[in-house]
Amino acid sequence: MATGERGESGRAAAPPKIAVIDLHKSFAGREVLRGVNLEVEAGESLVIVGGSGAGKSVLIKHLIGLITPERGHVIIDGEDLTNCEPARCLAIRRKFGMSFQEGALFDSMTVFENIAFPLRRHTRMDEAAIAARVQECLALVHLDGTGGKATSELSGGMRRRVGFARAISLQPEILLFDEPDTGLDPITSAVIDAVIVEMRKQLDVTMVTITHNMQSAFRIADRIAMLRNGQITAIARPDVFRSLADPYIQKFLAGEPLEEEVA
Ligand SMILES: Nc1ncnc2c1ncn2[C@@H]1O[C@H](COP(=O)(O)OP(=O)(O)OP(=O)(O)O)[C@@H](O)[C@H]1O
Ligand SMILES: [Mg+2]
């Protein structure tokens, strides 16, 4: 339902937290996004799946304004991130916490300093308040007591969780996860998904997660969207998504090799 329309009850439908409208982006003449349309409801956990190179990371980076589209809009809480004053853009970007595909921890810093970094940079909290907030974030990802560790001492799954703790430190309204379980074994991957589900319960957030891993998608999604050929070709609740007739989606679900996308 479009923003501003009224539902059967006659009440105005809640506006989407995120609305992506006709988003286009090319690199070196290759069109990666070819008119993406997508709405994410407040409080929803949306998972975006798609083949490697489909443009998932490019799409999620548009949501937070790290990439500017050639055409189209990203609307956050009714404000157009693709067309706003720099100060407003900054304020909108502060609504986000992001865990990047590459992990992106500062390896010269301890776990504590990694999580404290955004707090020192963007708030005027004193040391005691920073320490308390870092402990809270570590507890949320079940890493109590690890603040003094060097990031090089951590396992892959622990590094991901430190990344999550850093992403939530400024109490974002929207959390973006790009491939949170890439490179992890299935058991660690399930632990990471459980942490994501728990964060969702504990924090009042909207989540967008990208993954290749359908098991993971089914564990954490309210809805699953397929990005293919530069567009969202399907979006549905997990139980409905599982039974979609689209042969590409059925191959994807079965983990079968996918044909090369036509550029
Ligand atoms: N900054 C950039 N400059 C040039 N090309 C880019 C840039 N960022 C992404 N691309 C290209 O856009 C396409 C989509 O990339 P993207 O990283 O979004 O894929 P993805 O769906 O996230 O894949 P994966 O599942 O492997 O992470 C790729 O062909 C990639 O090479
Ligand atoms: Mg990617």
Side-chain angles (χ1 to χ4, degrees), residues 18 20-38 40 45-74 81-82 89 93 96-105 156-157 159-161 163-164 166-167 174-186 188-189 192-193 196 207-221 223-236 241 244 246 248-263:
I18 303 172
V20 175
I21 303 166
D22 195 32
L23 209 64
H24 287 254
K25 183 72 182 178
S26 308
F27 292 105
R30 179 174 170 252
E31 247 190 316
V32 176
L33 303 183
R34 306 176 179 191
V36 172
N37 289 292
L38 182 66
V40 188
S45 170
L46 179 80
V47 172
I48 301 171
V49 298
S52 193
K56 303 181 299 296
S57 295
V58 167
L59 173 58
I60 210 169
K61 285 176 182 166
H62 276 89
L63 300 184
I64 195 172
L66 289 175
I67 300 182
T68 312
E70 278 133 29
R71 205 164 100 203
H73 302 273
V74 173
L81 182 58
T82 42
C89 282
R93 284 166 76 162
F96 287 88
M98 178 153 180
S99 153
F100 288 92
Q101 184 163 8
E102 310 81 36
L105 295 183
R159 288 180 70 87
R160 282 325 132 83
R161 286 188 275 154
F164 294 175
R166 194 176 59 187
I174 306 168
L175 272 172
L176 305 179
F177 298 109
D178 193 351
E179 303 270 6
D181 54 7
T182 296
L184 302 179
D185 63 76
T188 310
S189 169
I192 289 293
D193 292 342
I196 291 176
M207 285 185 172
V208 180
T209 308
I210 284 173
T211 187
H212 276 103
N213 180 341
M214 283 313 299
Q215 265 189 326
S216 175
F218 286 120
R219 283 195 288 253
I220 62 183
R223 285 190 305 161
I224 301 174
M226 168 62 78
L227 180 66
R228 186 187 176 204
N229 289 335
Q231 296 187 328
I232 300 295
T233 55
I235 182 161
F241 193 91
L244 290 174
D246 180 341
Y248 183 88
I249 289 178
Q250 284 306 321
K251 265 188 170 180
F252 199 91
L253 289 170
E256 289 172 19
L258 305 165
E259 76 270 23
E260 282 295 311
E261 297 292 343
V262 183

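Ligands are counted one by one from 1 in listed order, and the atoms in each one are counted from 1 as well.
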Report task. For E179, counting its heavy atoms only, list the atoms of ligand 1 lying under 4.0 Å from any of them. Result -> 25 (O)

Requested in this report: Please could you name the atoms of ligand 1 that H212 approaches to less than 4.0 Å, counting only its heavy atoms?
Outcome: 25 (O)

Tell me whether ligand 1 is touched by [X] - counting only heavy atoms on the residue side and a distance under 4.0 Å.
X: G50; answer: no
X: R30; answer: yes
X: G51; answer: yes

Requested in this report: May I ask you to check whether F27 has an N/O atom sitting below 3.5 Å from an N/O atom of ligand 1?
Outcome: no

Query raised in the report: Hey, does L38 have a side-chain heavy atom less than 4.5 Å from the side chain of I48?
Result: yes

Report task. Check whether any side-chain heavy atom of R93 sits under 4.5 Å from a side-chain heavy atom of L66, and report yes or no. Result -> yes

Report task. Please state whether the separation between the Mg ion (ligand 2) and some N/O/S atom of S52 is under 2.8 Å? Result -> no

Report task. Please test D22 against R71 for salt bridge (Lys or Arg N to Asp or Glu O under 4.0 Å), starting from the C-alpha separation and ending with a verdict. Result -> CA-CA 7 Å; D22 195 32; R71 205 164 100 203; 3.5 Å; yes

Query raised in the report: Where on V58 is there a heavy atom closer than 4.0 Å to ligand 1, on the side chain, on the backbone, on both, or on neither?
Result: both

Query - Where I196 and P180 come nearest, the two heavy atoms and their spacing - result: CD1-CG, 3.8 Å

Query - For L184 against G156, the heavy-atom pair lying closest together - result: CD2-C, 3.7 Å

Query - More than 12 heavy atoms from other groups under 6.0 Å of CD on Q250 - result: yes

Query raised in the report: Among G55, S57, G53, which one has a heavy atom closest to atom 17 (O) of ligand 1?
Result: S57

**Report entry** Cation over ring face, R228 and Y248, 6.0 Å, 45°
**Finding:** yes

